[in-house]
Amino acid sequence: HTRYPLVTGVQTCALPICCSKQVSQLFVGPMKPIAELVEPLREAYGDGIERQAAVEVLLFLSKYPGTTSINLQLIRGLVPGAEGGAFDREILRGLLFLTGDSVDLLSLRFELDRIEHDPVDLSRSEVTAALEHYIDPITGEVDPNVGDRIFMYFSPTERAKNALTGRSEEHTSELQSRVDISYAVF
């Protein structure tokens, strides 16, 4: 599973490293190049790790459109020199930029590892309460190590999936309504 602990520890995983396309050749939405999309990052941080991480994520998603989650470990493998965690704060700033309302290409997600059960998705407020009060959000029991079992990851939004595969939101909506009509007929 592609995730990483919110508080401590490191999950290792072997994931492909990519990025052969030029940034200027990739477009998001109605002919908006990725380079233009991440320009506010350049204004804030120059050509630093924040911008580089955001661009690398978008390039990765364009090459692997079926990606459902993105973790810090993956991005460390995409950004030169970041393998040991030296640029984690900068990478997270770049990823959080992609979750912003004006960009809306990634969503921030959390899950609780339940050890002997499937992980459970958590809301931001559940994570906050669990970390503030050291309470397992599922059982309600005191757990001083609950932070070690909460993982944070990013997921591509529908806008990102559509834009990076060349479909507009209107086109996807039209296809969905055709599918719905087909099901209704049968």
Side-chain angles (χ1 to χ4, degrees), residues 1-6 9-38 41 49-80 82-83 87-88 91-114 117-124 127 150-183:
H1 198 285
T2 55
R3 60 187 181 167
Y4 65 97
L6 181 61
V10 175
Q11 170 122 6
T12 58
C13 53
L15 295 167
I17 297 176
C18 73
C19 302
S20 58
K21 291 184 180 180
Q22 295 294 320
V23 173
S24 60
Q25 296 172 340
L26 293 173
F27 293 88
V28 176
M31 300 306 286
K32 190 169 189 177
I34 288 175
E36 181 183 324
L37 185 65
V38 296
L41 276 172
I49 301 297
E50 293 85 355
R51 182 179 179 280
Q52 186 177 358
V55 168
E56 293 294 340
V57 166
L58 297 176
L59 291 169
F60 182 87
L61 290 173
S62 69
K63 186 168 183 177
Y64 301 100
T67 301
T68 58
S69 61
I70 300 162
N71 67 15
L72 185 58
Q73 190 69 24
L74 172 91
I75 307 309
R76 285 177 181 160
L78 297 174
V79 176
E83 295 85 6
F87 302 125
D88 286 357
I91 290 170
L92 287 173
R93 278 195 297 260
L95 294 176
L96 288 171
F97 168 80
L98 295 176
T99 68
D101 291 339
S102 64
V103 180
D104 188 37
L105 295 175
L106 294 179
S107 63
L108 178 61
R109 310 289 302 268
F110 300 95
E111 65 181 23
L112 177 70
D113 184 3
R114 296 182 53 207
H117 304 283
D118 290 335
V120 175
D121 287 331
L122 298 175
S123 68
R124 202 176 283 206
V127 170
I150 297 175
F151 295 87
M152 179 175 76
Y153 63 98
F154 296 85
S155 292
T157 62
E158 284 304 312
R159 179 173 184 239
K161 291 175 191 173
N162 294 339
L164 294 169
T165 58
R167 293 180 301 198
S168 69
E169 291 174 15
E170 294 82 14
H171 179 68
T172 301
S173 177
E174 179 184 335
L175 287 174
Q176 185 59 49
S177 64
R178 287 183 187 176
V179 168
D180 292 345
I181 291 168
S182 297
Y183 283 127

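Since we're looking at a predicted model, the values are computed, not measured.
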request  = Identify the heavy atoms of Ser69 and Pro156 that sit nearest to each other, and give their distance.
outcome  = N-CD, 4.5 Å
message = When you compare the side chain of Asp113 with that of Phe151, does any pair of heavy atoms fall below 4.5 Å?
response = yes
Separation between NZ of Lys63 and CG of Leu58, rounded to the nearest 0.5 Å = 15.0 Å
key: Salt bridge flag under 4.0 Å for residues Glu50 and Arg93   = yes
task = Given side-chain contact (heavy atoms from CB on, under 4.5 Å), test Glu56 with Ile75 step by step and report yes or no.
result = CA-CA 8 Å; Glu56 293 294 340; Ile75 307 309; 5.7 Å; no
key: Side-chain heavy-atom pair Val120, Glu111 within 4.5 angstrom cut-off   = no
Glu83 CD to Gln73 CD distance, which is reported to the nearest 0.5 Å = 9.5 Å
Pairwise side-chain contact, Thr99 with Asp104, heavy-atom cut-off 4.5 Å (strictly under) = no
key: side-chain contact (heavy atoms from CB on, under 4.5 Å) between Leu96 and Phe154, intermediate numbers included   = CA-CA 9 Å; Leu96 288 171; Phe154 296 85; 4.1 Å; yes
request  = Taking the side chain as every heavy atom from C-beta outward, state whether Leu108 and Met152 have any pair of such atoms under 4.5 Å apart.
outcome  = yes
inquiry  = Quick check against the 3.5 Å criterion: does Arg76 have a side-chain atom that pairs as donor or acceptor with the backbone of Asp88?
reply    = no
message = Nearest 0.5 Å, please: how far is CG in Asn71 from CZ in Arg109?
response = 14.0 Å
key: Side chain Ser155, main chain Ser107, donor-acceptor under 3.5 Å   = no
remark   = Tightest non-hydrogen contact, residues Ile91 and Ala82, listed as CD1-CB, 3.9 Å
Value rounded to 0.5 Å, distance of CZ in Phe110 from CD1 in Ile150 = 8.5 Å
key: Test applied, side chain to side chain contact (heavy atoms under 4.5 Å, CB included); reference residue, Ile70; option that passes from Leu72, Thr68, Leu74   = Leu74
query = Given the rule in the side-chain contact (heavy atoms from CB on, under 4.5 Å) test, do Leu106 and Leu61 qualify, once you have shown the distances and angles that lead to the verdict?
reply = CA-CA 11 Å; Leu106 294 179; Leu61 290 173; 4.1 Å; yes
